[in-house]
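Presented below is the structure to which this report refers.
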Amino acid sequence: MRVKCILCEKIEKIDDQLPIAKRLRNRPIHTYMCADCNERIAEKTKERIATGKFHIYRSGKEQEIL
């Protein structure tokens, strides 16, 4: 299956039997991110959490501070 990263628009080929491929076929609302973009976002998020000013806002629950 050919997929396109939503951030960098790089086209990759993934195996049809992988869970992500099945998820993309069955639920078109799901999007694909390549490994490079996924790692970059994870690193940036960890840096933001380390600053101490990162808040997760969830409705109906108390404010969680990481």
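- For Glu47, the side chain to side chain contact (heavy atoms under 4.5 Å, CB included) partners are Lys44, not counting sequence neighbours.
- By the side chain to side chain contact (heavy atoms under 4.5 Å, CB included) test, Ile41 is found to be paired with Leu7, Met33, Thr45, residues two or more places apart in sequence or in another chain being considered.
- Residues passing the side-chain hydrogen bond (donor to acceptor under 3.5 Å, both in side chains) test with Lys4, sequence neighbours excluded: none.
- For Glu12, the salt bridge (charged side-chain N to carboxylate O under 4.0 Å, His left out) partners two or more places apart in sequence, or in a different chain, are Lys10.
- Contact between Cys5 and Cys34 at its shortest, heavy atoms only, is SG-N, 3.4 Å.
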Please tabulate, one pair per line, all N/O donor-acceptor pairs under 3.5 Å involving side-chain atoms of residues 14-30, not counting sequence neighbours.
residue	atom	partner	partner atom	Å
Asp16	OD1	Met1	N	2.9
Arg25	NH1	Asp16	O	3.4
Arg25	NH2	Asp16	O	3.3
Asn26	ND2	Lys22	O	3.2

